[in-house]
Amino acid sequence: MEILQDLSLNELQKVVENLGEKPYRAKQIFENLYLGKNLNEMTNVPKELKEKLLEKFVDEPIKIVEVQKSSDGTQKFAYKLFDGHIIEGVLMCYSYGNTLCVSTQVGCAMGCKFCASTLNGMARNLSAGEILSQILVVNKLLGGTAKKRQITNVVLMGSGEPLENFENVCKFLFLATSKDGINISARNISLSTCGIVPKIKKLSKLGLPIILTISLHAPNDEIRKTIMPIANKYSVKEIVDASKIYFNATGRRVIFEYALIEGVNDTKECAKELSKLVKGFPSHVNLIPLNPVEERVLKATTRKKAEEFLKELTSLGVSATIRRTIGEDIDGACGQLRNKILKQTQDEKSS
Ligand code: SAH
């Protein structure tokens, strides 16, 4: 089965014409899709046309099955895909707007030691329309439309490694920024990667001014290898060099994510080494207190030590901040809500 949300307006027009229908029907369906409606909910589309489309396309590619609300306004969603897989996302509300964190794969294959998304491996890539639909259904839930969007920013920081699903992510970027659709500015989209060097270079060539975020988490290969298997493939130097290429191509400063983990990457020496790496080109270091994951042994650095780390970086001329933790009272860290739901389903099956 195929997904209508995978199609651009032009592609949908071809499908509709091939079914012998008038072209304006495509526009009508497209507008409905961007209101977050399923085919069955489109009251202005003739029944016969809907039936023809339903022979080829799924009606509801994605459905919100659980919402957790944090006391700080953060909301966490679990979505069910048409084939039964569960993915998740987080909505963060700021004074300047609402940011939705979307998943790009079902689970993740990267194996980072601190991350819950990768605990059950990776089941499959999400299609462009499945990534887009996460925005459409949450926008609808918030009472938004395509013209009056309730989601201002999108971050590709949910489950999965976006650059391992390169083609679909590129199509998603094209659809999400299209004026025909929800028309999100590329400048308001961030893509986070563990550092797939050749794909960062490929992304640079798109010339889209999206924000590139690199999950660095270590100042050298030795430490990085102990927490991120991808470090065996690409060195920290190669990643930083690729980031510079990205900056030169897009003019956007690169963000380095650095989760502070007690006894692993939080010493003064680490801060010094990190500063040498990232200095000299427009970038920013986002220090994140590690979000402890039940199944993982790694612990967060204390607040005091995190502040010392920040002070050291700043004194060495590095632009850095400690990211405020949000949604801590819900299953905020990557993959946590999905894992909880998977566990519940397993418990139900075995009981
Ligand atoms: N695969 C991509 C995007 C998904 S992870 C990437 O690696 O960037 C989104 C971000 O959350 C990454 O920076 C990741 O390293 C971070 N992250 C994952 N688990 C975390 C945890 N337990 N605490 C803090 N940050 C975490």
Side-chain angles (χ1 to χ4, degrees), residues 74 76 87-90 92 99-122 125-126 131 134 154-166 168-169 172 189-197 199-200 203 210-218 223-224 226-231 233-234 236 239 242-243 246 254-262 264-266 283-301 303 306 309 321-328 330-340:
T74 307
K76 183 120 192 182
I87 56 163
E88 62 177 33
V90 189
M92 295 153 284
T99 298
L100 187 70
C101 173
V102 298
S103 292
T104 53
Q105 294 180 317
V106 179
C108 185
M110 294 295 105
C112 300
K113 290 278 187 303
F114 44 83
C115 182
S117 290
T118 198
L119 284 169
N120 297 294
M122 201 273 285
N125 280 330
L126 296 184
I131 306 173
Q134 298 169 52
V154 173
V155 294
L156 280 71
M157 287 189 189
S159 296
E161 170 47 52
L163 296 186
E164 289 281 278
N165 184 13
F166 196 81
N168 293 343
V169 164
F172 158 76
I189 301 179
S190 302
L191 182 150
S192 181
T193 176
C194 62
I196 317 286
V197 170
K199 297 290 165 56
I200 296 175
L203 190 70
I210 60 169
I211 300 170
L212 177 68
T213 299
I214 307 275
S215 300
L216 196 62
H217 304 318
I223 297 179
R224 203 164 190 258
T226 67
I227 48 174
M228 300 177 74
I230 195 69
K233 207 158 175 189
Y234 305 109
V236 161
I239 294 174
S243 306
Y246 189 83
V254 174
I255 313 281
F256 292 101
E257 302 269 293
Y258 196 100
L260 286 161
I261 311 171
E262 193 183 85
V264 174
N265 62 2
D266 60 349
S283 62
H284 181 81
V285 175
N286 222 342
L287 298 171
I288 320 159
L290 185 85
N291 204 331
V293 174
E294 206 181 291
E295 295 83 348
R296 302 295 206 192
V297 286
L298 302 170
K299 285 202 197 81
T301 301
R303 182 79 202 175
F309 196 95
T321 40
I322 300 181
R323 189 163 79 190
R324 144 180 102 91
T325 48
I326 50 173
E328 269 188 310
I330 53 178
D331 300 298
C334 280
Q336 283 184 15
L337 176 59
R338 172 169 183 263
N339 286 345
K340 200 164 99 178

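All ligand and atom numbering here is 1-based and tracks the order in the structure. Just the heavy atoms: all of them, side chains too, but no hydrogens, waters or symmetry mates, feed the values below.
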Practice item. Decide whether an N or O pair under 3.5 Å exists between Ala259 and ligand 1. Key: no
Revision key, fill the gap. The atoms of ligand 1 lying under 4.0 Å from a heavy atom of Gly160, numbered in the order shown, are 1 (N), 2 (C), 3 (C), 4 (C)
Review point. Under the 3.5 angstrom rule, does the side chain of Tyr258 hit a backbone N or O of Asn265 as a donor-acceptor pair?
Key: yes
Practice item. Below 4.0 angstrom from a heavy atom of Phe114, which ligand 1 atoms are there? Numbered from 1 as shown, please. Key: 15 (O), 18 (C), 19 (N), 20 (C), 21 (C), 22 (N)
Review point. Taking only heavy atoms of Asn291, which atoms of ligand 1 are found under 4.0 Å from at least one of them?
Key: 21 (C), 22 (N), 23 (N), 24 (C)
Check your understanding: In terms of atom number and element, which parts of ligand 1 are under 4.0 angstrom from non-hydrogen atoms of Cys194?
Key -> 6 (C), 7 (O), 8 (O)
**Study point:** Listed partners of Glu257 passing salt bridge (charged side-chain N to carboxylate O under 4.0 Å, His left out), at least two apart
**Key:** Arg323
Review point. At a non-hydrogen distance cut-off of under 4.0 Å, which region of Thr193 contacts ligand 1 (side chain, backbone, both, or neither)?
Key: backbone
Review point. What atoms of ligand 1 come closer than 4.0 angstrom to any heavy atom of Cys115?
Key: 18 (C), 19 (N)
Point to revise | Main-chain N/O of Leu216 paired with Arg224 side-chain donor or acceptor, under 3.5 Å | key: yes
For residues 99-110, please give each side-chain donor-acceptor pair under 3.5 Å, one per line with the distance, not counting sequence neighbours.
from, atom 1, to, atom 2, distance (Å)
Ser103, OG, Glu88, O, 2.7
Ser103, OG, Ser159, N, 3.0
Gln105, OE1, Glu161, N, 2.9
Gln105, NE2, Asn125, OD1, 2.9

Check your understanding: Between Met110 and ligand 1, which part of the residue brings a heavy atom under 4.0 Å of the ligand: side chain, backbone, both or neither?
Key -> neither
